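Inspection log for the structure reproduced underneath, given as structure tokens.
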Amino acid sequence: MLIASVVTDVIGIDKQFDYLVPPGMDGSLEVGCQVRVDLAGRRVGAWVTGLRRDDLPLGDDRRAPGAPGSPGSPGLRPEPDRSLPPGRSSQAPTGSLKAIAKMKGWGPQAEVVDLAGWASWRWAGRKAHFLAAASPERAVRRLVQPRLCRPAPPSSKLLPRTVGVHVVRIGPASDPTPLVADAAQLGPILVVVPTHTRVSALAFRLRRAGGDVAVLPDGWAQARSGSAVVVGSRGAAWAPCPGMAAVVVVDAHDELYASEAAPTWSAVTVAVERARRQGVPCYLLSACPGAELLALGPSWSPRPDTEASGWANLEVVDQRAEDPRSGLYSGRVVELVRTPRRVACVLNRTGRFRLLACANCGAVARCEVCDAAVSSPQAGVLSCKRCGESRPCVCSYCTSIRLSALRIGTSRAREDLERLSGRTVGEVTRSTGELPCADVLVGTEALLRRLDPAAGFDVVAFLDFDQELLAPRVSAGEHALALVSAASRLVRGRRGTVLVQTRTPDHYVIAAAAAGDPGVAVEAERELRRMLRLPPFAAVAVVSGHAAPGWVENLRSLKLPALEIHGPSTPGEDARPGVRTEWLVKAPEHRTLCDALSLPERPAGRLRIAVDPANL
DNA sequence: CGGACAAGCTGA
DNA sequence: CAGCTTGTCCGG
């Protein structure tokens, strides 16, 4: 009699259950398959996480015979089963088992099911979260013909063939296609790319080179059946790739790889672990690898001679030397937008006015309900982003109606630039639908993601680069450098110009960008992280939510010597009163941290554990 | 998660 | 003590 262990897709039932496999199903059912089962009077979806004959002794025999696996290499933590309280068996008496109600379709490969178990430990999340990420959007009932035709190789070998993580430095304007094609010569490969637009672009080029490419999420069935290249955005780190021979992460420094919602898994970390378990090379491509990436493996450049030329010419405008009345638009910016060149201006603030002060008494305009600084999305109105309150544009202290803009947003910048340039200016933010057709654009960071190098822009100007450089986050410097890298890609390296307006022109990030050498910045970043004891020099988790106080108390009472627990703290002015109290848990490395996080008894209620949150 | 059931509260 | 709310437990 065949018995299947399953994990349900109901978040909140974080347990394994055993079911009988009905006789008609036992030929087709595999570990990873999606099924429906009856549980406590309702029918729920589930994944098969293990299969065994009931006459065999207990144990983990979920792996199909002969399937590739990780024979406990050094440093590998045996996969813990967080779904069960320690010491209690998952077995129910065989006689009382129900049968699986229905077969839904194909699911993740057995090794990805194991990987999901590891991820639930690594990010203190629930298995179902990760299994869902590894599953097709719609049920896949049957597989198709494998298509294993490799793309044509580049003229010379570009990547090292050795197993392990390789941080591959390439210029920001370099096309990753030849490197991906080179990796594909090893066998089927998994490729992760930050945005969907760039996924399509890469897939197009690989197909033109004769390769069979499955594009996630639509191509899940093709990927599961077998494809020479499986490519997709963040979620593709979980995609099926039978016979996987290498993993490639394009622009591995990109913040889009980190999931903001808990569990805060990172596609880069998943890719690295997946390659390690499979015993295949993992190539992390980046123009500006930061301290965390560089800690993952040796870094190296396939074309050191052309790396720097991928960075645009950097023009630094020292705002301290400008007429203060010129505001965000230095003489040089005005000059550039008046030429027929195509210019993209970046200002990372949406709306019209983001911070206003009374021209009469100097008071900053605040919300009368919750006291946060208010903005002015349209003329004559002040509105609060935090509580949604709006009121007319009048100073609450001296009733003056003259308010001056301390910080303007992209809407106002668009009007200003149109006036200064005499040309049509388009605005691009995250919520912009179709890209406006104009030779001068102003927008947030979304502008850099949305535009394609083929759009032919000559200049990218960062109107307030200090906002990026001096942002109150540990990764501010790395993020700022990544922005210059993205801008360099857009203007096609040395063929274009990136201009930054700043009051800190001696900042090491600017020096690194000017030299086209991210290494200049990395040492400073490493020192900062070492000093603050942050990743990669430590592992951290931020704990919050209704059940957090009790849970942290339980964690404290375990008195684990390697663990540091800070808090409770209520961060900054953004905190609504009484909400989002946080605790910070620190350990020397992830293994200690994640082991500790799985120990305390979980009180009822919401508990958010963010391991390695992106916005520290 | 959501149903079952037990324990606690209320009003007559 | 019926009728209701609130809390805890458990599912194969």
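Everything numeric here is computed off the predicted structure, so don't read it as measured data. Reminder, nothing fancy here: chain letters follow the sequence lines and each chain counts from 1. For the numbers below, each heavy atom of this structure counts, side chains included, while hydrogens, waters and symmetry mates do not.
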Testing C:dC10, C:dG12, B:dC1 for proximity to the side chain of A:Leu39, the answer is C:dG12
Min side-chain heavy-atom separation A:Ser200-A:Val215 under 4.5 Å | no
Rounded to the nearest Å, what distance is computed from the CD atom of residue A:Gln16 to the C1' atom of nucleotide C:dG12?
-> 11 Å
Between CG of A:Asp9 and C1' of B:dG2 the distance, given in whole Å, is 14 Å
To the nearest Å, give me how far apart NE2 (A:His129) and P (B:dC1) are.
-> 11 Å
Heavy atoms from other residues, nucleotides or ligands near CD of A:Glu564 exceed 12 (cutoff 6.0 Å) | yes
In whole angstroms, how far is the P atom of C:dC9 from the CD atom of A:Glu601?
-> 10 Å
Figure out the CZ/C1' separation between A:Arg52 and C:dG12, and round it to whole Å.
-> 10 Å
Please evaluate the base of C:dG11 for a donor-acceptor partner in the side chain of A:Lys15 within a cut-off of under 3.5 Å?
-> yes
Evaluate the side-chain contact (heavy atoms from CB on, under 4.5 Å) criterion for residues A:Val540 and A:Val542: first the C-alpha distance (whole Å), next the side-chain angles of each, then the deciding distance (0.1 Å), finally the verdict.
-> CA-CA 7 Å; A:Val540 298; A:Val542 175; 5.8 Å; no
Nucleotide C:dC9, atom C1' - distance to CZ of A:Phe17 in whole Å = 12 Å
What's the CE-C1' distance between A:Met1 and C:dG12, to the nearest Å?
-> 14 Å
Please confirm whether A:Trp220 and A:Trp238 have ring centers closer than 6.0 angstrom.
-> no
Euclidean distance, atom NE2 of residue A:His546 to atom P of C:dG7 [Å, nearest integer] | 11 Å
